[in-house]
Amino acid sequence: MSSSHCYSSSTMASLSAVSTAQARSSSPSFAFLPNSKPRSRVACALGGVVAEPTAATCVSKPLLLNAVRGKEVERPPVWLMRQAGRYMKSYQDICERYPSFRERSENVDLVVEISLQPWNVFKPDGVILFSDILTPLTGMNIPFDIVKGKGPVIFNPVQTIADVDQVREFTPEGSVPYVGEALKILRKEVDNEAAVLGFVGAPFTLASYVIEGGSSKNFTKIKKLAFSQPKVLHALLEKFTTSMAKYIKYQADNGAQVVQIFDSWATELSPEDFEVFSLPYLKQIVDSVKQSHPNLPLILYASGSGGLLERLALTGVDVVSLDWTVDMAEGRRRLGADVAVQGNVDPGVLFGSKEFITKRIHDTVRKAGKGKHILNLGHGIKVGTPEENVAHFFDVAKDIRY
């Protein structure tokens with residue numbers, strides 16, 4: 001992006017001394033330092049980087065991995081959900097040349113270019129693959145498209161056990177080779193300065209799209225199936241479970257260092273029904289992945305998860321990502337010390353003033369406490385978010401010191 005130099009750490013220079021002093025006085029445990037000059041980066045012999053030239057030692061793993069694993073880190077790592085695309089002018093330019101989302105997400109060169117756009121400008125601590133949770137569907141014999149202005153469209157929604165029988169289990173190597181190729185390239189490009197993230201959809205969320213025929217407000221069709229013909233739904237969930245476990249392993253084998261599982265619609269279920277139609281399948285995925293890839297961190301995100309936090313932790317994931325409707329300090333208490341947390345700044349905050357953004361970042365980090373926290377939004381970044389505010393978010397985040 002030709003204007004990337006506009007988003008250097010010098011954007012912090014305009015922060016008032018008053019707001020900085022307030023942040024320090026209200027949080028004696030952390031140092032929030034205004035960044036008045038570009039940050040230097042030093043390569044490590046062990047393959048990592050040091051954020052500041054004065055750092056005593058080099059680390060062999062990206063900051064995000066160290067934080068998740070409970071190692072001592074100087075600050076929380078930071079990345080943003082949906083950071084690749086949507087709000088960036090450079091992404092919109094690509095959309096004009098390639099109007100089809102599927103073309104953009106199924107072409108290796110485009111996937112790599114789009115995934116690296118925020119990395120080249122903001123240097124987040126996590127670089128996430130540009131893709132979609134529905135990408136595996138074609139390889140499972142479920143035709144779909146993503147239509148601009150409408151979202152996902154499933155051409156033949158699943159309604160009966162005969163429909164489920166037509167669903168194939170997913171073989172990533174044959175169905176989505178471009179995902180593996182893109183991840184390998186991203187890993188080389190990022191070169192361990194940040195963690196490369198992959199992601200998958202959770203069984204219940206994928207089933208929601210496939211049964212509803214696309215996005216839904218009321219989830220009437222899947223609930224009707226769940227409560228009147230549960231065997232049909234369970235049969236579909238089993239296929240998605242086996243397939244997504246394979247997909248996570250495939251992503252890890254091709255360069256993903258962390259994988260996030262999106263169970264966005266599981267929170268449409270009551271806690272009792274979550275324990276029947278989502279929790280067991282999430283546990284199966286985590287158990288399967290941990291058997292073959294015990295050191296691969298798994299993040300679980302479910303939108304509106306305040307009523308299910310304790311149950312999300314029962315899945316065995318390493319990190320639970322909180323949305324902004326949950327107080328971070330309360331979420332920490334409810335999840336316990338063994339589970340790392342991610343989040344949870346309201347994406348709408350990025351439309352506010354720089355001082356307001358700064359205050360909310362500090363508040364979130366303070367409530368999360370030291371360590372085992374990945375700073376992020378509580379949901380994906382919004383279309384129309386000013387890029388200079390995203391730059392400010394990253395500048396402030398990187399200047400935090402425990």
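Because the structure is predicted, anything quoted here is derived from the model rather than measured.
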Does the [X] side chain pair with the main chain of [Y], one donor and one acceptor, at a distance under 3.5 Å?
X	Y	result
Glu212	Lys221	yes
Gln251	Phe199	yes
Thr205	Trp265	yes
Asn107	Glu103	no
Gln83	Ile381	no
Ser175	Pro172	no
Thr135	Ser131	no
Asp191	Glu193	no
Lys123	Trp119	yes

Considering non-hydrogen atoms only, spot the tightest contact between [X] and [Y] and give its length.
X	Y	result
Ile211	Leu233	CD1-CD1, 3.7 Å
Arg334	Gly306	NH2-O, 2.6 Å
Ala256	Val259	CB-CG2, 4.2 Å
Phe356	Gly352	CD2-CA, 4.3 Å
Lys184	Asn254	CE-OD1, 2.7 Å
Pro271	Arg311	CB-CZ, 3.5 Å

Can you see whether [X] engages [Y] through a side-chain donor-acceptor pair at a distance of less than 3.5 angstrom?
X	Y	value
Asp323	Thr325	yes
Thr358	His392	yes
Ser215	Lys150	no
Asp93	Ser90	no

Tell me, with the steps shown, if Phe170 and Tyr247 meet ring pair (Phe, Tyr, Trp, His ring centres under 6.0 Å). CA-CA 8 Å; Phe170 187 50; Tyr247 195 25; 5.1 Å; yes
Using the salt bridge (Lys or Arg N to Asp or Glu O under 4.0 Å) rule, pick out the option among Arg75, Lys61, Lys398 that qualifies with Asp125.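 Option passing the salt bridge (Lys or Arg N to Asp or Glu O under 4.0 Å) with Asp125: Arg75.
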Please determine whether side chain to side chain donor-acceptor pair (under 3.5 Å) holds for the pair Ser321 and Asn376, giving the CA-CA distance in whole Å, both sets of side-chain angles, and the decisive distance to 0.1 Å. CA-CA 9 Å; Ser321 189; Asn376 207 316; 5.7 Å; no
Please lay out, stage by stage, how Asp109 and Arg104 fare under the test salt bridge (charged side-chain N to carboxylate O under 4.0 Å, His left out). CA-CA 9 Å; Asp109 292 339; Arg104 296 193 297 274; over 6 Å; no
Hey, is NZ on Lys359 packed in by over 12 heavy atoms from elsewhere, all under 6.0 Å? no
Are there over 12 heavy-atom neighbours, none belonging to Asp338, within less than 6.0 Å of that residue's CG? no
For the pair Gln257 and Asn192, evaluate side-chain contact (heavy atoms from CB on, under 4.5 Å) and give the outcome as yes or no after the intermediate values. CA-CA 10 Å; Gln257 295 162 289; Asn192 235 29; 3.0 Å; yes
Begin with the C-alpha distance, continue with both residues' side-chain angles, and end with the deciding distance and a verdict on side chain to side chain donor-acceptor pair (under 3.5 Å) for Asp163 and Thr160. CA-CA 5 Å; Asp163 295 333; Thr160 66; 3.3 Å; yes
Taking the ring centre of each residue, are Phe277 and Phe204 less than 6.0 Å apart?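 Between Phe204 and Phe277, which both carry aromatic rings, the centre distance is not below 6.0 Å.
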Quick check: Phe130 with Tyr91 (ring centres under 6.0 Å apart)?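 That pair passes the under 6.0 Å test.
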Test salt bridge (charged side-chain N to carboxylate O under 4.0 Å, His left out) on Arg360 and Asp346; report intermediate values, then the result. CA-CA 9 Å; Arg360 285 299 180 90; Asp346 185 336; 5.7 Å; no
Walk me through it: do Gln342 and Val320 pass the test side-chain contact (heavy atoms from CB on, under 4.5 Å)? CA-CA 6 Å; Gln342 179 174 271; Val320 172; over 6 Å; no
Tell me whether the rings of His379 and Tyr301 are parallel (<30°), tilted (30 to 60°) or perpendicular (>60°). perpendicular
State whether Phe144 and Arg102 meet the cation-pi test: NZ (Lys) or CZ (Arg) under 6.0 Å from the six-membered ring centroid, and within 45° of the perpendicular axis. yes
